[in-house]
Amino acid sequence: MTVRRSPSTASALLLVLLSSAVPSSAFVQTRPFERGSVMSPRRRPSAPSSLSESSPAASSSSSSSSSSSPPVRDCSVVPTPPETRSASAVIFDIDGTLADSWRLGYDATVVVLENNSDKVLGGYDGPITEAFYHETCVHATPERLARTAGYDPSHPDFDVIGEELGRQFDEHYVALVSKKTAGFYDGVIRALENVPDSTKLGALTNACVAYGRAVLEVNCPVRSAVDNTYGGGFALYGRFGTIHGADSVPAPKPSPEGLLQCAGELGDLDPKTCVYVGDSPGDGRAARAAGMVSVGVTWGSNSEEKLRDAEVFDYICRDVDELRSLLPQV
């Protein structure tokens, strides 16, 4: 008698036969990105936000919900957090705070190291890891590049190598700035647009000032009064009363000198009435040393745990809506 199996039974039998024929070595566990790997690092996620500027929902609600101040959310990390909603100025770091630009910085770093493989101590053995790149982002560009090339600050050529690699990096980096390579995180435009005119805006990055200006120029649009859509132009860019980089201030972060220079250029403001927003412990240290309110964000190069452990922030925001709740808003 012929036994007729159901399709499901036949499929199960086929699966068993195929599985037994595949050697165990065929099942390979993936490994993280390492120096020398040809695998490109994954793109980091955007800063969490309830709505993206490009989404239909954001467009339709921009004239209503986005124009009202969000409720204050408790993201303080000190016993008695300072006031922020009445700040006279808000100054921002750029990479990892306003702009999702880590991949641009990473790729430019890899290119510079490959082009200067003869200057890498111990020899160049492939791309650096994503994790190592983020760790070194606490330093200004020349120091970061020298360290990445294997030089310790005590090395006699540390400064010379850093300056040369940093110069090449800046040339490559700035030329590639676009909304694709250094676009603002979702929600940032709305947060900036809703800061009242009475509150000054500024930016201070540890990259070169030309880079900072380029990123703000490509991201800051004019909103049409006719159909509430974005067009070309730099109306929002014009709100930034001061923009500086490590090469246009007396000393890079974590020195407070750049922030104090920004406060002076915004109208000789009292630093105590200013807020500085950044994504690294160095940003928090600079703000504390300058006497400003320090706000950390977790969507950049550093985790919430690392920001908390630094003990230099008054607030730590996990998404752009939390940041908006701290800022002066119309």
Side-chain angles (χ1 to χ4, degrees), residues 43-78 81-102 179 182-203 215-216 219-221 223 228-230 236 239-240 274-280 283-284 287 292-308 310 312-330:
R43 182 173 176 79
R44 293 172 68 82
S46 299
S49 182
S50 56
L51 288 175
S52 166
E53 282 98 0
S54 60
S55 68
S59 178
S60 63
S61 63
S62 59
S63 61
S64 55
S65 62
S66 66
S67 61
S68 60
S69 298
V72 176
R73 294 163 63 177
D74 186 13
C75 48
S76 63
V77 291
V78 292
E83 167 61 25
T84 59
R85 296 292 285 263
S86 59
S88 61
V90 182
I91 305 169
F92 295 91
D93 173 49
I94 294 179
D95 290 333
T97 301
L98 295 178
D100 183 11
S101 51
W102 79 268
K179 291 189 73 172
F184 277 179
Y185 289 102
D186 290 345
V188 165
I189 287 290
R190 287 188 297 130
L192 294 175
E193 283 190 322
N194 286 309
V195 174
D197 291 341
S198 58
T199 303
K200 308 293 186 180
L201 295 180
V215 173
L216 294 177
N219 281 285
C220 292
R223 187 187 284 277
N228 205 35
T229 59
Y230 288 117
L236 184 56
R239 285 289 315 276
F240 284 84
C274 300
V275 175
Y276 186 57
V277 185
D279 72 311
S280 79
D283 295 327
M292 296 184 179
V293 180
S294 55
V295 178
V297 299
T298 63
W299 52 81
S301 288
N302 296 279
S303 66
E304 179 177 351
E305 180 182 12
K306 188 170 184 178
L307 298 184
R308 285 182 177 276
V312 291
F313 289 103
D314 299 307
Y315 299 88
I316 294 177
C317 298
R318 302 171 189 85
D319 57 53
V320 175
D321 286 337
E322 280 193 342
L323 178 59
R324 282 189 66 207
S325 77
L326 293 178
L327 303 182
Q329 297 278 284
V330 294

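No experiment lies behind these values; they were computed from the predicted model shown. Excluded from the calculations below are hydrogen atoms, water molecules and symmetry mates; all remaining heavy atoms, backbone and side chain alike, are included.
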- Note on the structure: dist Phe184:CZ -> Ile189:CD1 (nearest 0.5 Å) comes out at 5.5 Å

- Looking only at non-hydrogen atoms, find the nearest pair between Gly278 and Asp283 and report the distance. CA-OD2, 3.3 Å

- Message: Has Asn302 got a side-chain atom pairing as donor or acceptor with Asp279's backbone, closer than 3.5 angstrom?
- Response: yes

- Carefully, step by step, assess Asp93 and Tyr276 under the rule side chain to side chain contact (heavy atoms under 4.5 Å, CB included). CA-CA 8 Å; Asp93 173 49; Tyr276 186 57; 3.4 Å; yes

- Item | Side-chain donor/acceptor of Tyr315 to backbone N/O of Pro82, under 3.5 Å | yes

- Item | Expected output: side-chain Ser294 to main-chain Asp314 donor-acceptor under 3.5 Å | yes

- Item | Shortest non-hydrogen separation from Thr199 to Pro328 and the atoms involved | OG1-CB, 3.6 Å

- Polar side-chain atom of Arg239 near backbone of Val195 as donor-acceptor pair, under 3.5 Å: yes

- SG-CZ distance between Cys317 and Arg324, expressed to the nearest 0.5 angstrom: 12.5 Å

- Message: So Lys200 and Ile91, do their side chains get closer than 4.5 Å, heavy atoms only?
- Response: no

- Note on the structure: Trp299 and Tyr185 have their tightest heavy-atom pair at O-OH, 3.2 Å

- Task: Compare all side-chain heavy atoms of Val295 with those of Leu326 and state whether any distance is below 4.5 angstrom.
- Result: yes

- Query: Is any side-chain heavy atom of Phe240 less than 4.5 Å from a side-chain heavy atom of Leu192?
  - Reply: yes

- Query: In Å and rounded to the nearest 0.5 Å, what is the OG1 to CZ distance from Thr298 to Arg318?
  - Reply: 7.5 Å

- With distance as the sole test, does Asp95 use its side chain to make a donor-acceptor pair with the main-chain N or O of Ala182 at under 3.5 Å? no

- Item | Arg308 CZ to Ile316 CD1 distance, which is reported to the nearest 0.5 Å | 5.0 Å

- Note on the structure: Closest heavy-atom pair, Ala191 versus Val320, reported as atoms and distance to 0.1 Å, is CB-CG1, 4.4 Å

- Check: Arg85 side chain, Ser325 main-chain N or O, donor-acceptor pair, under 3.5 Å: yes

- Task: Rounded to the nearest 0.5 Å, what's the gap from CD1 on Ile94 to CG on Leu216? Could you check?
- Result: 4.5 Å

- Student check: side-chain heavy atoms of Val297 and Val277 closer than 4.5 Å: yes

- Item | Spacing of CG belonging to Leu201 relative to CG belonging to Leu236, to within rounding of 0.5 Å | 7.5 Å

